[in-house]
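Letters A, B, ... are given to chains in the order of the sequence lines, protein chains preceding strands, and every chain is numbered from 1.
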Number of protein chains: 2
Amino acid sequence: MTRALAGNLLQVPVPELADRFDEWQKFGFDAARCPVRNVLDHIGDKWTALILISLAKEGRRFSAVQRLIPDISKKMLTQTLRDLERDGLITRHVFPTKPPSVEYRLSPLGRSVLDPLAQLVFWAESRHGEIEDARRRFDASSPA
Amino acid sequence: MTRALAGNLLQVPVPELADRFDEWQKFGFDAARCPVRNVLDHIGDKWTALILISLAKEGRRFSAVQRLIPDISKKMLTQTLRDLERDGLITRHVFPTKPPSVEYRLSPLGRSVLDPLAQLVFWAESRHGEIEDARRRFDASSPA
DNA sequence: CTGAATCCTCGTAGATACTG
DNA sequence: CAGTATCTACGAGGATTCAG
């Protein structure tokens with residue numbers, strides 16, 4: 001599977017990102033037309049990425065996800081799952097067992113975001129040390 | 001050009017992302033050890049990504065960035081720039097002109113995040129339509 | 001021009017309790 | 001088990017004003 005996707009991976013050169021930015025400018029920088037604001041804000045919120053990752057391997061039930069992300073409240077879990085479902089990134093499957101059980105799964109669209117998301121996560125992981133160092137330096141040279 | 005970078009791009013198979021997630025679990029899911037929470041939350045906030053992109057082509061002055069992102073307040077611009085500087089993603093250069101001018105530039109570390117960021121932005125752009133459709137379907141079938 | 005300082009508001013998210 | 005309902009608190013972020 002890692003092979004299968006290798007060929008698919010869209011090449012996105014950085015200069016093009018800057019050019020895109022220039023283009024958004026021409027439309028008055030309408031928030032609705034700007035994917036950075038419209039989507040990245042959303043998947044960048046406090047719980048979304050974590051939930052997507054927790055569903056990467058297999059579908060999971062509500063309580064299973066909650067166990068995987070211990071400090072999320074039921075309220076935020078419910079809400080974030082619903083937003084994700086609304087955006088078509090996950091699907092919701094209800095099984096009419098005695099105590100009802102509900103399983104959430106990534107949709108194909110949801111699975112497709114794991115690649116770019118992984119890029120960012122692994123960037124964060126590999127640069128984490130550098131960032132911490134920079135913070136320490138900054139805090140040291142900046143008067144409280 | 002989509003070809004040129006193909007060789008450079010780190011392949012990050014999705015299964016590995018899920019495995020990483022499993023590992024974080026073992027450490028009690030400490031927020032400090034979790035790059036998703038520690039870093040992605042930060043670059044995923046309201047203005048950070050936009051500012052990074054606006055500096056992608058060249059260093060820019062405070063007021064220039066503000067023009068590029070019309071609806072950011074001076075307060076948030078100052079604050080986000082300072083956080084970015086603290087994290088070592090941008091550098092700050094003061095020129096002692098008559099009215100002082102300050103230019104912000106991406107550091108090598110800052111430039112390095114543009115690649116994964118671009119992946120996500122272009123994902124957002126290419127899937128934007130799908131997401132909007134999903135939203136409409138969801139809202140239509142869901143009783144207000 | 002590039003901020004710093006203050007005040008104020010609004011939304012997000014946590015806590016708690018309840019339900020099918 | 002998988003939510004819903006309500007209340008509250010906190011903090012991000014906007015507006016405004018001042019300063020080097």
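Near DNA chain C, meaning a heavy atom under 4.0 Å away, there are no residues from residues 48-61 of chain A. For DNA chain D, the neighbouring residues in residues 64-90 of chain A, judged by any heavy atom under 4.0 Å, are A:K74, A:T78, A:R82.
Under the 4.5 Å side-chain heavy-atom criterion for Ile, Leu, Val, Met, Phe, Trp and Tyr, B:L106 and B:V94 are members of the same hydrophobic cluster.
Mapping heavy-atom proximity under 4.0 Å, the span of DNA chain D touched by chain A runs 5' to 3' from D:dC1 to D:dT4. First and last contacts of DNA chain C with chain A, using any nucleotide atom under 4.0 Å from a protein heavy atom and ordered 5' to 3', fall at C:dA13 to C:dG20.
By the side chain to side chain donor-acceptor pair (under 3.5 Å) test, B:E103 is found to be paired with B:R105, residues two or more places apart in sequence or in another chain being considered. A search for side chain to side chain contact (heavy atoms under 4.5 Å, CB included) contacts involving A:R86 returns B:R135, B:F138, B:D139, not counting sequence neighbours. B:A124 is linked by a side chain to side chain contact (heavy atoms under 4.5 Å, CB included) to A:P35, A:V39, counting only residues two or more places apart in sequence or in another chain. Residues forming a ring-ring contact (aromatic ring centres under 6.0 Å, His included) with B:F21 (at least two apart in sequence, or on another chain): B:F29. Applying the side chain to side chain contact (heavy atoms under 4.5 Å, CB included) criterion to A:D22, with sequence neighbours excluded, gives A:D19, B:K57.
The shortest distance between side-chain heavy atoms of B:R20 and A:V121 does not fall below 4.5 Å. Put simply, the side chain of A:I90 does not reach to within 4.5 Å of the side chain of A:R92, judged on heavy atoms. Between B:D71 and A:R37, the closest side-chain pair of non-hydrogen atoms falls below 4.5 Å. Between B:I72 and B:I51 the shortest side-chain heavy-atom distance falls below 4.5 Å.
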Check: residues 59-69 of chain B side-chain donor-acceptor pairs under 3.5 Å, at least two apart:
residue : atom : partner : partner atom : Å
B:R60   : NE   : B:S54   : O            : 2.8
B:R60   : NH1  : B:E58   : OE2          : 3.4

Show me the donor-acceptor pairs, under 3.5 Å and distance only, between side chains in residues 74-84 of chain B and residues at least two apart or in other chains.
residue : atom : partner : partner atom : Å
B:T78   : OG1  : B:K74   : O            : 2.8
B:T80   : OG1  : B:M76   : O            : 2.7

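With hydrogens and angles ignored, the 3.5 Å screen pairs no side-chain donor or acceptor of B:T48 with any backbone N or O of B:G44.
Closest approach of A:G88 to A:S107, counting heavy atoms only: O-OG, 2.6 Å.
Here the options are A:V113, A:L114, A:I53, the test is side chain to side chain contact (heavy atoms under 4.5 Å, CB included), and the partner is B:V14; only A:L114 passes.
Residue-level contact check: A:Y104 touches the backbone only, with heavy atoms under 4.0 Å from sugar-phosphate atoms and none from bases.
Taken over five-pair windows at either terminus, the axes of the helix from C:dC1-D:dG20 to C:dG20-D:dC1 are inclined to one another by 50° (rounded to 10 degrees).
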